[in-house]
Amino acid sequence: QVQLVESGGGLVQAGDSLRLSCAASGRAFSNYAMGWFRQAPGKERDFVAAISRGGTYTNYADSVKGRFTISRDNAKNTGYLQMNSLKPEDTAVYYCAAGAVTSAKAGQYNYWGQGTQVTVSS
């Protein structure tokens, strides 16, 4: 079992930056790939970014490429999502997830955090 807790969300203006953190406990975080997903009101949960166990491979949704950066520090059992040049359409609840494979599919992840709200005003 892996427990995940997100933090770092908040209310910002368009163009601002935020860094989300995902603190893991339980089994070794380094055993799992990590992903970030987001869900806006009335919409499905969408893929944002993913990173492999060792951090050497990353994948991004087209909508965030060049603006968001996913990273991890296995020594600290923590993953991150650096979000720059935020837009109002980035407003959503952001979830981190852990799973066996690096994937853009939510179904590939076994463990999820409770989510953190990100609101970007225009």
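This structure is a prediction, so every number in the text was calculated from the model and none was measured. Throughout, residue positions are numbered sequentially from 1 according to the sequence presented.
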Asks: Quick check: closest heavy atoms across Tyr60 and Thr58, and the distance to 0.1 Å?
Replies: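 Result for this residue pair: CE1-OG1, 3.7 Å.
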
Asks: Using side-chain heavy atoms (C-beta onward) and a distance below 4.5 Å, is Tyr111 in contact with Gln3?
Replies: no

Asks: What closest approach, in Å, do Ala24 and Val2 show between heavy atoms, and which atom pair accounts for it?
Replies: CB-CG1, 4.2 Å

Asks: Whether the side chain of Thr116 engages the backbone of Ser7 through a donor-acceptor N/O pair (distance < 3.5 Å, no angle test) should be reported.
Replies: no

Asks: From Leu81 CG over to Met34 CE, what is the distance, rounded to the nearest 0.5 angstrom?
Replies: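 Between Leu81 CG and Met34 CE, I get 7.5 Å after rounding to 0.5 Å.
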
Asks: With rounding to the nearest 0.5 Å, note down the distance linking OG1 in Thr119 to CD in Gln13.
Replies: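 It is 12.5 Å, given to the nearest 0.5 Å.
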
Asks: Under 30°, 30 to 60°, or over 60°: which ring-plane class applies to Phe37 and Tyr109, parallel, tilted or perpendicular?
Replies: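 Plane angle over 60°, so perpendicular.
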
Asks: Write down the atom of Ala106, the atom of Trp112, and the distance for their closest heavy-atom approach.
Replies: O-CZ2, 3.4 Å

Asks: Go through the structure and list residues passing side chain to side chain donor-acceptor pair (under 3.5 Å) with Arg19, not counting sequence neighbours.
Replies: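 If we apply the side chain to side chain donor-acceptor pair (under 3.5 Å) test to Arg19, skipping adjacent residues, there are no hits.
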
Asks: Rounded to the nearest 0.5 Å, what's the gap from OG on Ser63 to CG on Asp90? Could you check?
Replies: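 It is 7.0 Å, given to the nearest 0.5 Å.
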
Asks: Output the distance between atom CD1 (Ile51) and atom SG (Cys96), rounded to the nearest 0.5 Å.
Replies: 12.5 Å

Asks: With a 4.5 Å heavy-atom cut-off, do Arg67 and Met83 have their side chains touching?
Replies: no

Asks: According to side chain to side chain contact (heavy atoms under 4.5 Å, CB included), who are the partners of Val93, at least two apart in sequence or on a separate chain?
Replies: Tyr95, Gln117

Asks: Are the side chain of Glu6 and the backbone N or O of Ser21 linked by a donor-acceptor pair below 3.5 Å?
Replies: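 No, Glu6 side chain to Ser21 backbone: no donor-acceptor pair under 3.5 Å.
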
Asks: Would a distance-only check, ignoring hydrogens and angles, find a side-chain to backbone donor-acceptor pair under 3.5 Å from Arg53 to Asn31?
Replies: yes

Asks: Drop me the distance from Tyr57's OH to Thr102's OG1, to the nearest 0.5 angstrom.
Replies: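 The OH atom of Tyr57 sits 7.0 Å away from the OG1 atom of Thr102.
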
Asks: Can you tell me how far the CZ atom of Phe29 sits from the CG atom of Leu4, to the nearest 0.5 Å?
Replies: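 Between atom CZ of Phe29 and atom CG of Leu4 there are 7.0 Å.
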
Asks: With sequence neighbours excluded, give me every side-chain hydrogen bond (donor to acceptor under 3.5 Å, both in side chains) pair touching residues 73-83.
Replies: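 Every side-chain hydrogen bond (donor to acceptor under 3.5 Å, both in side chains) pair that includes a residue of residues 73-83, provided the two are not neighbours, is Arg72-Asn74, Gln82-Asn84.
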
Asks: Please find the pair of heavy atoms, one from Ser122 and one from Ala14, that lie closest to each other, and give the distance.
Replies: CA-CB, 4.4 Å

Asks: Group every Ile, Leu, Val, Met, Phe, Trp and Tyr by side-chain heavy-atom contacts under 4.5 Å, then state whether Phe47 and Tyr32 land in the same group.
Replies: no

Asks: Using the rule given for side chain to side chain contact (heavy atoms under 4.5 Å, CB included), can you reason through Leu18 versus Val118, listing the C-alpha separation, both sets of side-chain angles and the distance that settles it, and then say yes or no?
Replies: CA-CA 9 Å; Leu18 276 177; Val118 172; 3.9 Å; yes

Asks: List the atom of Val120, the atom of Thr91, and the distance in Å for their closest heavy-atom pair.
Replies: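 Here Val120 and Thr91 meet closest at N-OG1, 2.9 Å.
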
Asks: Would you name the heavy atoms of Ser103 and Ala50 that are closest together and state the gap between them?
Replies: O-CB, 3.7 Å

